Amino acid sequence: MATGTITVLGLGNMGSVMTERLRESGYDTTVWNRTAAKTEPHVKAGSTAAATVAEAVNSGDIVLVVLLDHAGVHERLEPVADELKGKVVVNLTTTTPNEARTTAAWAAEHGIAYLDGAIMATPDMIGEPGSLLFYSGSENAFAIAGPVLERFGDARFVGADAGVASLKDMALLSAMDLMFSGLLQAVAMMRTTGAAAVDTAEEVTAWLGAMLPHLRGLAEIIDGGTYDTGDQSVDFTRAAQASMITASREQGIRADLLEPHLKLLNELSATGRGADDWPAIIELLTIK
Ligand code: FVH
């Protein structure tokens with residue numbers, strides 16, 4: 001069984017389940033939550049409730065921060081900077097990469113070992129196979145907190161730049177978001193024929209499953225940087241994209257989710273790159 005006291009700040013859906021996993025693993029846990037009533041079930045289950053953030057951070061050498069946002073993290077941590085000196089702070093709150101770097105710089109100024117975490121899991125997945133968490137920042141902090149963090153899922157240290165875990169989080173969420181938007185577009189189109197959303201979702205699941213192995217090939221084209229495999233050109237893809245947009249509108253469905261892709265393809269074509277492989281779009285994504 002694990003030993004030691006872990007402090008958890010924030011008992012929302014995520015902080016609560018993480019606290020449960022720690023208790024199950026044998027850790028003593030001290031919890032603090034802005035709305036104190038949320039500590040009650042945890043106290044009944046064996047955690048200790050702290051009345052203040054200062055009291056909470058004084059009880060453990062590893063402090064997990066699982067709050068809603070960056071502003072809340074600073075609101076709660078800055079007043080206890082002295083108490084945190086020499087401790088390991090693992091911030092699992094979702095932030096942008098630059099917010100993570102700001103918190104890391106603040107922590108370094110105050111002698112706090114800081115690790116920024118990004119949770120690629122929903123609360124029900126925590127501690128289950130398939131749960132993945134990225135960490136970046138202090139490698140020493142990761143070495144100390146690693147055994148604790150492994151209770152939540154596959155714990156991957158991804159670099160000393162505290163912003164990298166968050167960047168990976170935002171990149172993967174962006175891919176997920178575009179995929180889910182794709183489902184909505186398909187459902188909206190098929191609903192015009194009376195198809196139930198669940199039936200379209202099944203078809204989309206099978207189709208995307210068949211397409212997933214192609215992601216690596218697209219990535220290899222991008223890494224190659226020449227966009228000359230001749231597989232699927234910008235102009236070929238423009239025609240397909242235009243058909244999807246027209247088909248949507250013919251069914252009385254807006255094409256707002258599809259239009260940005262065509263806009264980028266048109267931009268490439270207009271600059272004489274119609275014969276390039278369509279992943280050349282990536283070159284337009286960098287803001288100059
Ligand atoms: N839930 C999920 O599926 C996702 C999975 C990926 C990662 N996210 C991020 O995890 C952070 C915590 O999320 P959560 O699910 O626990 O969120 P809530 O259930 O809404 O709980 C929020 C807690 O934050 C406390 N809080 C908010 N603002 C403040 C503040 N200014 N000072 C102190 N505490 C604050 C809130 O307290 P209360 O409302 O109970 O008093 C909750 O404890 C989050 O970054 C997700 O993006 C979860």
Side-chain angles (χ1 to χ4, degrees), residues 6-23 29-45 47-57 60 62-81 83-84 89-104 106-107 114-137 145 148-156 158 162-177 179-180:
I6 311 301
T7 294
V8 181
L9 304 179
L11 293 172
N13 294 324
M14 190 52 86
S16 281
V17 80
M18 287 181 153
T19 304
E20 265 175 63
R21 293 294 93 84
L22 293 175
R23 274 197 308 266
T29 48
T30 296
V31 294
W32 174 87
N33 194 66
R34 178 179 61 181
T35 306
K38 287 191 190 165
T39 62
E40 286 165 15
H42 290 278
V43 169
K44 278 194 188 125
S47 293
T48 302
T52 63
V53 177
E55 190 184 318
V57 304
I62 297 176
V63 178
L64 307 185
V65 185
V66 202
L67 301 182
L68 183 65
D69 57 19
H70 178 72
V73 170
H74 280 265
E75 181 188 342
R76 301 301 161 178
L77 294 191
E78 284 182 15
V80 295
E83 285 89 341
L84 286 170
V89 169
V90 185
N91 182 16
L92 293 148
T93 306
T94 300
T95 65
T96 68
N98 278 351
E99 287 171 342
R101 290 174 187 126
T102 300
T103 308
W106 170 82
Y114 182 76
L115 201 55
D116 203 88
I119 310 167
M120 307 314 302
T122 50
D124 55 307
M125 292 167 69
I126 295 299
E128 299 293 329
S131 171
L132 167 66
L133 293 91
F134 294 122
Y135 298 96
S136 58
V148 173
L149 304 176
E150 277 160 16
R151 310 294 159 163
F152 306 140
D154 181 2
R156 281 191 212 164
V158 291
V164 171
S166 165
L167 180 60
K168 276 188 189 286
D169 186 20
M170 294 298 132
L172 294 185
L173 290 178
S174 297
M176 179 191 79
D177 198 54
M179 178 190 73
F180 285 144

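Atoms considered below: every heavy atom in the structure, side chains included; atoms not considered: hydrogens, waters and symmetry mates. One-based numbering, in listed order, for ligands and for the atoms of each. Bear in mind the structure is a predicted one, so any value in this text is a computation, not a measurement.
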Specify side chain, backbone, both or neither for [X], according to which of its non-hydrogen atoms lie closer than 4.0 Å to ligand 1.
| X | value |
| --- | --- |
| Arg34 | both |
| Thr95 | neither |
| Ala121 | backbone |

Could you please spell out the steps behind the side-chain hydrogen bond (donor to acceptor under 3.5 Å, both in side chains) verdict for His74 and Thr103? CA-CA 8 Å; His74 280 265; Thr103 308; 2.8 Å; yes
Does the side-chain contact (heavy atoms from CB on, under 4.5 Å) test come out yes or no for Asn91 and Leu77, once each step is laid out? CA-CA 10 Å; Asn91 182 16; Leu77 294 191; 6.0 Å; no
[atom]: the protein heavy-atom neighbour that sits closest, reported with distance to 0.1 Å:
| atom | value |
| --- | --- |
| atom 48 (C) of ligand 1 | Met14 CE, 4.0 Å |
| atom 2 (C) of ligand 1 | Pro123 CD, 3.6 Å |
| atom 40 (O) of ligand 1 | Lys38 NZ, 2.6 Å |
| atom 47 (O) of ligand 1 | Thr94 OG1, 2.9 Å |
| atom 19 (O) of ligand 1 | Asn13 N, 2.9 Å |
| atom 43 (O) of ligand 1 | Asn33 OD1, 2.7 Å |

Polar contact flag for [X] and ligand 1 (N/O pairs, less than 3.5 Å):
| X | result |
| --- | --- |
| Val66 | no |
| Thr35 | yes |
| Asp69 | no |
| Gly12 | yes |

Which option out of [options] puts a heavy atom nearest to [atom]?
| atom | options | result |
| --- | --- | --- |
| atom 34 (N) of ligand 1 | Thr122, Leu67, Thr93 | Leu67 |
| atom 32 (N) of ligand 1 | Met125, Met120, Arg76 | Arg76 |
| atom 20 (O) of ligand 1 | Leu68, Val65, Thr39 | Leu68 |

Taking the side chain as every heavy atom from C-beta outward, state whether [X] and [Y] have any pair of such atoms under 4.5 Å apart.
| X | Y | answer |
| --- | --- | --- |
| Val73 | Glu99 | no |
| Thr95 | Thr102 | no |
| Glu55 | Trp32 | no |

For the pair Arg21 and Met18, evaluate side-chain contact (heavy atoms from CB on, under 4.5 Å) and give the outcome as yes or no after the intermediate values. CA-CA 5 Å; Arg21 293 294 93 84; Met18 287 181 153; 5.7 Å; no
Can you tell me if Thr96 and Asn98 form a side-chain donor-acceptor pair at under 3.5 Å? no
Check whether the side chains of Ser16 and His42 place a donor and an acceptor atom closer than 3.5 Å, and report yes or no. yes
Thr48 side chain to Thr30 backbone, donor-acceptor under 3.5 Å: no
For ligand 1, which atoms sit closer than 4.0 Å to a heavy atom of [X]?
| X | result |
| --- | --- |
| Glu75 | 31 (N) |
| Gly72 | 31 (N) |
| Leu11 | 43 (O) |

Specify the closest pair of heavy atoms between Ser131 and Met125, including all atoms of both residues, with the distance to one decimal. CB-O, 3.2 Å
Show the nearest heavy-atom pair for residues Ala165 and Ala118, with the distance to one decimal. O-CB, 3.4 Å
The single option from Asp116, Val66, Val63, Leu115 that satisfies side chain to side chain contact (heavy atoms under 4.5 Å, CB included) with Val90 is Leu115
